[in-house]
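Presented below is the structure to which this report refers.
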Amino acid sequence: MNNRHFLNLTDAGPDGVAAMLADALDRKAARAGFPKGRTDADAPLAGHTLAMVFEKNSTRTRFSFDMAIRQLGGTSIVADAGSMQLGRGESIADTARVLSGYVDAIMIRTDDHAKVEEMAHHASVPVINGLTDASHPCQIMADLLTIIESGKALPGLKVAWLGDGNNVLASIVEAAGLMQFDVVAACPQGFQPEEEAIVRASGRARVVADPREAVEGADIIVTDTWISMGQANAESKLKALAPYQVDAALMALARPNAKFLHCLPAHRGEEVTPEVIDGPQSLIWQEAENRLHAQKSVLRWCFGQIG
């Protein structure tokens, strides 16, 4: 089997992303009704161990990857950086070399994207980006899976983003360029995405100031929490982002069958109103579960089993 790193969606390319999505759909359907802890019938990663390293708190990434490797027949070792020598100054490079002698793959959730790149450079096993400040490809794989399950084809889709031009938006924009859909992001001055992120969309993304312009005729509306872990100046940021809250009036400007996505955790009354996130157009619980199904296929892709 060939080892591959999954640091950004571009690492897989459009064919790899499409293959992972198809695999996730098939595997999810094949285990319908199973207890969560039952291994998939073919146990394709039996004997494999995944190391999960967390420098940032996590609910969905931690539980979904742990269950993903178990359902594929493997096992996991979970460690917070603070409980490792990594938290006491051991280098990323040395950590990568050491872990490569113990486990078959490494998932790391951290801040600086350069850390996952360094981990991948020095590891002799696949490295997966569980989140960095620059991107969140595993989340977007789950989002694409959820969109497809809702009956929408990716090519030609219009996705509206509201709020902060953050790491999640960067990966959505990257996906747009690969899978040929369009993103219109409404972001206030000072909270717009990096220009290089928009360039990676190959002309499929643009940034506007007016949230109404972004959502008009959109098939999918996406937002994220405005205050991420450890961010300073929360009060001024909340004030700047307040006009970008997703409410019923904004949803009404989208297509009648538009769907709402949010990667969670959510702050009801800030980036989105309760009537939207808990309403009939919201797919957030399906989206959250799909982290598990999408990441199983990411793991299989990393080991060269698909795509």
Side-chain angles (χ1 to χ4, degrees), residues 9 17-18 20-29 31-32 36 59-61 63-65 67-68 131 136-164 166-169 171-176 179 181-186 211 214-226 244-298:
L9 296 167
V17 170
M20 285 187 274
L21 292 171
D23 182 68
L25 285 166
D26 289 345
R27 299 191 80 82
K28 182 177 180 179
R31 62 172 295 116
K36 303 293 193 300
T59 297
R60 280 149 291 276
T61 299
F63 281 82
S64 59
F65 263 110
M67 289 307 299
L131 173 136
H136 199 356
C138 290
Q139 176 63 53
I140 303 316
M141 288 300 299
D143 289 2
L144 297 180
L145 179 59
T146 306
I147 291 167
I148 292 168
E149 283 182 334
S150 75
K152 301 180 190 298
L154 296 177
L157 197 75
K158 180 182 176 182
V159 176
W161 172 273
L162 281 297
D164 191 9
N166 64 10
N167 51 353
V168 178
L169 175 59
S171 290
I172 291 175
V173 163
E174 186 182 24
M179 309 310 288
F181 61 89
D182 296 300
V183 178
V184 182
V215 301
E216 188 173 358
D219 301 285
I220 304 291
I221 314 293
V222 194
T223 191
D224 191 6
T225 181
W226 289 341
Y244 295 82
Q245 182 187 71
V246 180
D247 58 16
L250 270 184
M251 288 297 294
L253 296 175
R255 290 182 182 273
N257 64 344
K259 302 300 182 184
F260 174 79
L261 298 179
H262 190 308
C263 66
L264 304 176
H267 295 86
R268 289 164 175 80
E270 286 185 10
E271 72 272 8
V272 61
T273 60
E275 66 181 327
V276 171
I277 195 169
D278 299 316
Q281 291 174 281
S282 176
L283 298 178
I284 60 165
W285 308 124
Q286 182 181 340
E287 178 187 10
E289 181 187 333
N290 278 338
R291 287 291 302 276
L292 164 63
H293 304 294
Q295 286 158 190
K296 288 169 68 176
S297 298
V298 167

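The basis for the numbers below is simple: all heavy atoms, side chains too, and nothing from hydrogens, waters or symmetry mates. Keep in mind that what you see is a predicted model, and the values were worked out from it rather than measured.
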Might you point out which heavy atoms bring [X] and [Y] nearest each other, and give the distance in Å?
X	Y	answer
Val276	Ala248	CG2-N, 3.7 Å
Leu144	Met179	CD1-CG, 4.5 Å
Thr225	His267	OG1-ND1, 2.8 Å
Ile277	His262	CD1-CD2, 4.3 Å
Glu270	Trp226	O-CH2, 3.2 Å
Pro274	Arg268	CG-CB, 4.0 Å

Using 0.5 Å steps for rounding, measure from the [atom1] atom of [X] to the [atom2] atom of [Y].
X	Y	atom1	atom2	value
Leu261	Ile220	CG	CD1	5.5 Å
Ser64	Gln295	OG	CD	3.5 Å
Gln286	Ile147	CD	CD1	10.5 Å
Asn166	Asp224	CG	CG	5.0 Å
Leu131	Cys263	CG	SG	8.5 Å
Leu169	Ile140	CG	CD1	8.5 Å

Would you mind reporting whether [Y] and [X] have side-chain heavy atoms less than 4.5 Å apart?
X	Y	value
Asp164	Glu271	no
Lys28	Lys296	no
Val215	Val246	no
Glu149	Asn290	yes
Trp161	Val173	no
Thr223	Phe260	yes

When you measure from the side chain of [X] to the backbone of [Y], do you find a donor-acceptor pair of N or O atoms at a distance under 3.5 Å?
X	Y	value
Ser297	Leu21	no
Asp143	Thr146	no
Lys158	Ala214	yes
Glu287	Ala142	no
Gln281	Ala258	yes
Thr273	Asp247	no
Ser282	Asp278	no

**Asked** Would one find more than 12 heavy atoms of other residues, nucleotides or ligands at under 6.0 Å from atom CZ of Arg255?
**Response**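 No.
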
**Item:** Glu289, CD: over 12 other non-hydrogen atoms inside 6.0 angstrom
**Value:** yes

**Prompt:** Quick one: do the His136 and Ser171 side chains pair a donor with an acceptor below 3.5 Å?
**Reply:**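 No.
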
**Request:** State which residues pass side chain to side chain donor-acceptor pair (under 3.5 Å) with Thr61; sequence neighbours excluded, sorted by chain then number.
**Result:** Arg109, Arg291

**Request:** Would you please test Glu275 and Met251 for side chain to side chain contact (heavy atoms under 4.5 Å, CB included) and show each step?
**Result:** CA-CA 11 Å; Glu275 66 181 327; Met251 288 297 294; over 6 Å; no

